[in-house]
Amino acid sequence: MQYVSTRAASKADTQDFSAILLGGLAPDGGLYLPLTYPQVSDAELSAWRALSYADLAYEILRKFATDIPKAELKALTSKTYTAAVYRNVRDGERAAEITPVRVLEQDGDKSLLLQALSNGPTLAFKDMAMQLLGNLFEHALAKDGAHLNIFGATSGDTGSAAEYAMRGKQGIRVFMLSPHKKMSAFQTAQMFSLQDENIYNIAIKGVFDDCQDMVKAVSNDLPFKRTQKIGTVNSINWARVVAQVVYYFRGYLAATTANSQKVSFTVPSGNFGNICAGHIARMMGLPIDKLVAATNENDVLDEFFRTGVYRVRRSSETYHTSSPSMDISKASNFERFIYDLVGQDAARVRALFHQVETAGGFDLSGKPGSDGDEWTRVAQFGFQSGRSTHADRVATIRDVQDDYDIAIDPHTADGVFVARKFAQPGVPMIVLETALAAKFNETILEALGQDAARPAGFEDLESLPQKFTLMTTDVAQMKAYIAAHTGL
Ligand SMILES: *Cc1c(COP(=O)(O)O)cnc(C)c1O
């Protein structure tokens, strides 16, 4: 399997899976995608019904990671997807299923299902891919005794998922910037309580954008990046996307008994990484009817799917909401879908995303003066969308608790709220549960008047000793700190 950039000048310019594993953007500024999507046959899909999650992950990944020896890949998926790693599921006895699916609502032949993706160590769905990434990285580096220093910025979920995936891994260190005193007490404690020697938490006197600017400034110093072996694990990483494809297959197989049946998914969305994996599963032939993108008040994606206009937001138009992991100004994985939407025409993608940088967006509505009419093809890809507000989330958390005795988190509530509008008779609608309620207790308390239940082991999280370094936004000082701690 060969990979090509969404902005490639030539489709002969390809890379294999291992070559793009440790990188981020392609050198031309595009994102990597396979040259063609591998297809899943009816017989394969039937055989996969009996597989464990780990074995299913192996079957899907081996279609993409063709340059990793099969036995090694199988060892990596078996080590990653265990009940011990994904143990925080509400009904503890279902941990072996890794992403258990439960029926939430049944109304005649309309059904709403919830697929739990947040049973991993940091209680959010990012663990699904990041845990595999940690093992893939360690495996890749071990081959030649190499080192990797992951440098990133986080406002919460990504940073903690990366740290829990990389802690204690040979050859890997993590330097994670976060805005000082801007994360929730739970998120801060989750990251800062890690005492592992290879984890460096750096609290920056500033806001999240300051942290991100520092990551950019350091990454733009190419000689420094090279000598210090700096890498990233942000949401555009291809291996993260492909690891997420697995749970769409698992959800489909759990909700159906025959391959003639279809299901739909509603996905609480921000950077479009999660739902992009759903799109890929559908392109591989998984019988998905609709893929519904649910956004909060930061509705860049909802606006595109409703109107064909993609308009990135300025910081002053980007809101801090009660589903903070979806507070984005632009959707970093969206370019992957646009590539398919415009018929894999890389020159067109290059022009459109150049326009995003110079003019803040593009318009594919087909109206006079627009940049194209491909939006009319969106339905062929199954996409629909909706948005919710804080009041919608709070009301949804409340009535899911009242009706089904489950506390859902605010991101999942965005999903349930939107899914209810799009559920069709005869097609199970699966809402992806992207975090556990305990992680966003402030909103649970507001909605339910009581604290969210905490999974075992998290009871005293905030009282554990915390390890972090406080720094200013001085880039030179940051580089000196990194250099001093990588030992390179
Ligand atoms: C990251 C995140 C999202 C958004 O996922 P994308 O892949 O960025 O679309 C939604 N919910 C939670 C809880 C998250 O952590």
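One-based numbering, in listed order, for ligands and for the atoms of each. Basis for what follows: all heavy atoms, side chains included, without hydrogens, waters or symmetry-related copies.
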Q: Begin with the C-alpha distance, continue with both residues' side-chain angles, and end with the deciding distance and a verdict on ring-ring contact (aromatic ring centres under 6.0 Å, His included) for Phe125 and His411.
A: CA-CA 11 Å; Phe125 88 96; His411 305 78; 9.4 Å; no

Q: Using the ring-ring contact (aromatic ring centres under 6.0 Å, His included) rule, take Tyr81 and Tyr53 through it: C-alpha gap first, then chi angles, then the decisive distance, then the call.
A: CA-CA 7 Å; Tyr81 296 108; Tyr53 193 98; 4.9 Å; yes

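The aromatic ring centroids of Phe362 and Phe353 lie less than 6.0 Å from each other. Here Phe64 and Phe17 keep their ring centres 6.0 angstrom or further from each other. Less than 6.0 angstrom separates the ring centroid of Phe337 from the ring centroid of Phe381.
Of the heavy atoms in Phe125, only side-chain atoms (C-beta onward) come closer than 4.0 Å to ligand 1. For Lys126, every heavy-atom contact with ligand 1 shorter than 4.0 Å involves the side chain, none the backbone. The part of Asp157 lying near ligand 1 is the side chain, judged by heavy-atom distances below 4.0 Å.
Atom 4 (C) of ligand 1 has its nearest heavy-atom neighbour, among Gly270, Ser118, Ser332, in Gly270.
For atom 8 (O) of ligand 1, the closest heavy atom belonging to the protein is Asn271 N, 2.7 Å. Closest to atom 7 (O) of ligand 1 among all protein heavy atoms lies Asn274 N, 2.9 Å. Of the protein's heavy atoms, Thr434 OG1, 2.9 Å lies nearest to atom 11 (N) of ligand 1.
Residue Phe272 approaches ligand 1 through these ligand atoms, each under 4.0 Å from one of its heavy atoms: 6 (P), 8 (O), 9 (O). The distance from ligand 1 to the heavy atoms of Ser269 drops below 4.0 Å at these ligand atoms: 9 (O). Those atoms of ligand 1 that come under 4.0 Å of a heavy atom in Ala435, given as number and element, are 13 (C). Near Gly273, meaning under 4.0 Å from any of its heavy atoms, are these atoms of ligand 1: 6 (P), 7 (O), 9 (O). Residue Pro268 approaches ligand 1 through these ligand atoms, each under 4.0 Å from one of its heavy atoms: 4 (C), 10 (C).
Side-chain contact check for Gln131 and Tyr164: no donor-acceptor pair (N or O, by modelled atom type) lies under 3.5 Å.
Evaluation of the ring pair (Phe, Tyr, Trp, His ring centres under 6.0 Å) rule for Phe192 yields Phe468 as partners, not counting sequence neighbours.
Side-chain contact between Met429 and Ser111 is absent, with no heavy atoms from C-beta onward closer than 4.5 Å. Side-chain contact check for Thr266 versus Phe422: every heavy-atom pair is 4.5 Å or farther apart.
Under a 4.0 Å heavy-atom criterion, Ser235 is not in contact with ligand 1.
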